[in-house]
Amino acid sequence: MKQYFKIDEWKIIEEGFDPHQHKIAESVFSLGNGRMGQRANFEEAYSGETLQGNYVAGVYYPDKTRVGWWKNGYPEYFAKVLNAANWVGIDILINGEQLDLAKCEVSNFRRELNMKEGYLKRNFRAKSKSGKSVEVEAIRFCSMADDEAGAIKYTITLLNFSGTLTITPFIDGDVVNKDSNYDEKFWDEVKKQAGNDGGYIQMRTKKTGFEVATGMKFTIAQGGKPVNITAQPVEKEKYIAAKVELQAEQGKAVTIVKYAANLSSQNYKADELVGKLNETLARISTKGFETMLAEQAAAWVKKWEHNDIIIEGDASAQQAIRFNIFQLNQTYTGEDDRLNIGPKGFTGEKYGGSTYWDTEAYCVPFYLSTADEKVTRNLLLYRYKQLGKAIDNAKLLGFNNGAALYPMVTMDGTECHNEWEITFEEIHRNGAIAYAIFNYVRYTTDEAYLVDYGLEVLIGIARFWSQRVNWSGERQQYVMLGVTGPNEYENNINNNWYTSTLATWCMKYTLEAIAIVKAIDSGKYNVLVNKINFNEAQETARYKDIIAKMYYAYDEKQQVFLQQDGYLDKEQILVKDLPAADRPLNQKWSWDRILRSCYIKQADVLQGIYFFEDQYDIETIRRNFDFYEPRTVHESSLSPCVHAILAAKLGDEARAYEFYLRTARLDIDDYNNDTEDGCHITSMAGTWMAVVEGFGGMRVRDGKLSFNPFLPAKWQSFSFNVGFRGTLLNVKVSKGSVDIKKLSGKDITVLVHDKEQLVKA
């Protein structure tokens with residue numbers, strides 16, 4: 001852990017420029033608005049180490065899979081959200097010398113992410129090799145009010161001389177993805193035009209044929225007065241710019257305001273993109289930078305009113321939770337059911353920017369409580385619309401009769417993960433998708449979703465599980481062979497407890513959902529039966545037989561669920577006894593050594609206990625937690641939050657807080673030495689869960705919100721807002737008291753420490 005950034009409750013602050021921390025800072029200071037986003041690359045040139053990143057949601061490329069040995073059923077490609085045209089660039093020459101912080105003497109450097117109002121600000125002084133000093137302030141944001149647009153205000157002041165400033169705002173479409181499998185560039189140019197005060201470039205992705213028009217419009221002022229621009233338009237391959245020279249006076253600020261927009265053929269006809277782009281640029285430039293910035297602040301005020309968590313007495317924890325909530329809100333807004341949440345969001349390329357099971361397991365609880373229910377419904381509809389491809393994916397692996405296996409990694413429903421043990425074996429992802437449907441219906445009572453969409457998905461998943469198990473003549477039980485659980489430090493194991501438990505739960509819930517849908521609308525149920533050729537009597541009889549006769553690995557001596565068959569054959573050396581030099585294992589050990597060890601990458605058995613805690617008494621939960629926690633290395637960002645929630649349930653306040661800090665400050669403090677690749681966006685929802693479900697003890701019990709909170713010793717109080725079935729509540733936990741206020745909606749009855757309380761206005 002490293003505390004590089006300063007502690008502030010509403011800001012992430014970097015003081016002083018350290019090139020060795022630059023890529024980490026680029027990730028942490030990333031911006032987005034749900035439709036587009038970018039890493040915190042400098043506007044001016046930078047020849048030092050950097051990871052360029054500008055992203056347009058939903059635009060991807062099918063990068064051909066790179067493997068040594070092709071296996072039947074293997075995905076043809078790995079879908080990747082593309083590094084799109086760089087719109088933030090403003091090249092600066094000072095008397096012919098390029099402003100480049102890798103080649104200057106840098107002082108007074110300060111960069112801050114203002115999370116309260118949603119913008120990034122950077123200040124610095126730079127002295128060139130010739131001794132010329134300048135001062136720069138840059139403010140930029142991706143607009144929440146105009147979600148296809150962003151704006152930059154870049155001010156440069158000559159400190160010890162007067163001279164010629166050459167200012168070149170540009171858009172560069174000649175970009176690469178660092179993670180390209182074959183060092184291929186993914187964009188072709190369609191058309192471009194550079195003008196006196198702006199220009200555009202329209203690009204088309206290879207293979208997928210997405211088109212994106214990226215445009216800019218800019219103004220320049222000196223000493224607060226507008227400058228009449230006479231620019232030299234520049235056009236090169238996949239690049240446009242406008243070059244302006246002016247005589248700058250010592251001490252008189254020169255300000256460039258650059259407006260930019262990204263419009264995609266997902267939302268407009270390709271031949272209309274440029275026209276719509278110009279309309280957008282005209283609209284936002286007419287507003288002006290200050291108006292756009294005020295609208296940005298207002299949009300964030302509205303978001304924080306609903307989903308802020310306030311922690312009194314611990315600025316580090318406060319900063320961390322707000323950072324996580326901020327990143328979640330600028331990654332996904334829920335307005336478009338074609339979009340989802342990539343593990344890195346708009347902060348980096350790793351994991352391709354594609355959809356994983358993280359969304360259903362971790363993000364759904366956050367959005368259920370902090371946003372309109374349509375946001376979560378859209379996440380579920382995303383999967384419903386891809387059901388046909390999930391069925392096709394199962395067919396590739398030999399399943400039939402409408403069995404559905406949802407992909408581990410996808411953009412459009414097609415499986416595109418490029419590691420065989422994940423693609424073929426990590427099938428527990430199916431269960432997370434079913435659990436999200438259950439979680440949504442339980443939370444919202446929207447059983448109409450089951451009628452119209454959910455049951456069809458559940459039957460497809462249940463059909464898969466009913467074919468994936470096999471009967472063991474030796475055991476006289478059903479078994480689940482050749483799988484990988486959430487703990488990816490195991491491959492090709494038999495009878496993973498979590499996967500088997502999820503499989504039978506899915507079949508049970510499918511049976512319940514059938515009964516619900518038949519009772520609500522038997523006509524629609526019959527239409528569905530005919531549509532998918534569902535033999536209710538025969539298929540449900542098999543589900544019930546599997547549920548009754550499933551084998552689950554269990555150790556009688558220690559009375560714990562076994563992660564898989566043979567787990568206790570491993571050498572049981574606890575994490576505390578590992579030399580520090582061996583951590584993290586995935587960077588220090590061979591894969592062979594990891595697979596033979598007892599170490600757990602992330603919650604596996606404990607993930608199942610978290611999902612289904614109502615099925616287990618407190619001592620069962622405690623035994624399993626005490627057994628597995630000392631063997632877990634938490635080398636997945638998704639792990640600490642589950643441990644925090646379970647530790648809180650068990651009254652282990654110290655460890656609950658320890659795990660909370662680990663998940664909350666994972667990226668800010670670079671716990672896993674990988675923040676430079678991008679932030680762990682989906683696990684940030686787990687940070688919210690750690691506070692609300694862990695310290696707040698929030699659950700849904702018998703149709704009511706239930707709270708069993710405790711106050712961490714370092715905190716004076718904490719409070720959070722939660723929306724539930726049309727009512728917005730504020731919950732504040734202080735020493736000796738729990739205060740719940742209704743902010744809007746109907747009166748509601750909640751449980752506090754298992755006692756009913758009526759909450760009125």
Using modelled atom types and a 3.5 Å cut-off, is there a donor and acceptor pairing between side-chain atoms of [X] and backbone atoms of [Y]?
X    : Y    : result
Y660 : A317 : yes
T687 : N324 : no
Q319 : K11  : yes
Q296 : C142 : yes
E415 : V409 : yes

Salt bridge between [X] and [Y], side-chain N to carboxylate O under 4.0 Å?
X    : Y    : result
K303 : D308 : no
K374 : D372 : no
K238 : D172 : no
D188 : R204 : no
R122 : E112 : no
E360 : R429 : no
D174 : K185 : yes
K23  : E49  : yes
R39  : E676 : no

Rounded to the nearest 0.5 Å, what's the gap from [atom1] on [X] to [atom2] on [Y]? Could you check?
X    : Y    : atom1 : atom2 : value
L31  : S143 : CG    : OG    : 11.5 Å
R377 : L368 : CZ    : CG    : 12.5 Å
D63  : C416 : CG    : SG    : 10.5 Å
M684 : C679 : CE    : SG    : 4.5 Å
I321 : F326 : CD1   : CZ    : 14.0 Å
W187 : I201 : CH2   : CD1   : 10.5 Å

**OP:** Could you please spell out the steps behind the side-chain contact (heavy atoms from CB on, under 4.5 Å) verdict for R111 and F5?
**Re:** CA-CA 10 Å; R111 181 162 34 176; F5 301 106; over 6 Å; no
Give me the ring orientation class for [X] and [Y]: parallel if the planes are under 30° apart, tilted from 30 to 60°, perpendicular past 60°.
X    : Y    : answer
Y367 : Y332 : perpendicular
H634 : H643 : perpendicular
Y435 : F611 : parallel
F42  : Y46  : perpendicular

Subject >> Pair W505-W465, ring-ring contact (aromatic ring centres under 6.0 Å, His included): steps then yes or no >> reply: CA-CA 10 Å; W505 174 85; W465 290 125; over 10 Å; no
**OP:** Could you tell me whether K206 atom NZ has more than 12 heavy atoms of other residues or ligands within 6.0 Å of it?
**Re:**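 Correct, the count exceeds 12.
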Subject >> Between D446 and Y440: side-chain donor-acceptor atoms closer than 3.5 Å >> reply: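 The answer is yes; a qualifying pair exists.
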Original post:
With distance as the sole criterion, is a donor-acceptor pair present between the side chains of N262 and E148 under 3.5 Å?
Top reply: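 Looking only at side-chain atoms, E148 and N262 do not form any donor-acceptor pair under 3.5 Å.
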Shortest non-hydrogen contact from [X] to [Y]?
X    : Y    : answer
V59  : T205 : CG1-CG2, 3.8 Å
D604 : N487 : OD2-N, 2.9 Å
D669 : R665 : OD2-NE, 2.6 Å

**OP:** Please determine which of Q607, Q602, H680 meets the side-chain contact (heavy atoms from CB on, under 4.5 Å) test together with L638.
**Re:**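 Exactly one option meets the side-chain contact (heavy atoms from CB on, under 4.5 Å) with L638, and it is Q602.
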**OP:** Start with the C-alpha distance between F186 and S180, add both sets of side-chain angles, then the distance that settles side-chain contact (heavy atoms from CB on, under 4.5 Å), and finish with yes or no.
**Re:** CA-CA 9 Å; F186 300 140; S180 171; 3.5 Å; yes
**OP:** Kindly indicate, with the supporting measurements, whether the criterion salt bridge (charged side-chain N to carboxylate O under 4.0 Å, His left out) is fulfilled by R140 and E43.
**Re:** CA-CA 10 Å; R140 76 179 190 228; E43 290 86 1; 2.7 Å; yes
**OP:** I would like to know whether T410 and R383 meet side-chain contact (heavy atoms from CB on, under 4.5 Å); could you show each step before the answer?
**Re:** CA-CA 10 Å; T410 194; R383 295 293 194 178; 4.1 Å; yes
**OP:** Check the pair T376, E373 against side-chain contact (heavy atoms from CB on, under 4.5 Å), reporting the backbone distance first and the verdict last.
**Re:** CA-CA 6 Å; T376 304; E373 69 180 47; 5.8 Å; no
**OP:** Begin with the C-alpha distance, continue with both residues' side-chain angles, and end with the deciding distance and a verdict on ring-ring contact (aromatic ring centres under 6.0 Å, His included) for F141 and Y119.
**Re:** CA-CA 5 Å; F141 57 91; Y119 65 84; 7.9 Å; no
**OP:** Determine, step by step, whether K601 and E488 satisfy the salt bridge (charged side-chain N to carboxylate O under 4.0 Å, His left out) criterion, reporting the C-alpha distance in whole Å, the side-chain angles of both residues, the deciding distance to 0.1 Å, and the verdict.
**Re:** CA-CA 6 Å; K601 180 184 179 186; E488 293 169 341; 2.7 Å; yes
**OP:** Report the C-alpha distance between D677 and K344 in whole Å, list the side-chain angles of each, state the deciding distance to 0.1 Å, and finish with yes or no for salt bridge (charged side-chain N to carboxylate O under 4.0 Å, His left out).
**Re:** CA-CA 8 Å; D677 296 326; K344 296 292 182 187; 5.9 Å; no
**OP:** May I have the step-by-step check of ring-ring contact (aromatic ring centres under 6.0 Å, His included) for F720 and W688, ending in yes or no?
**Re:** CA-CA 10 Å; F720 56 90; W688 179 92; 7.4 Å; no
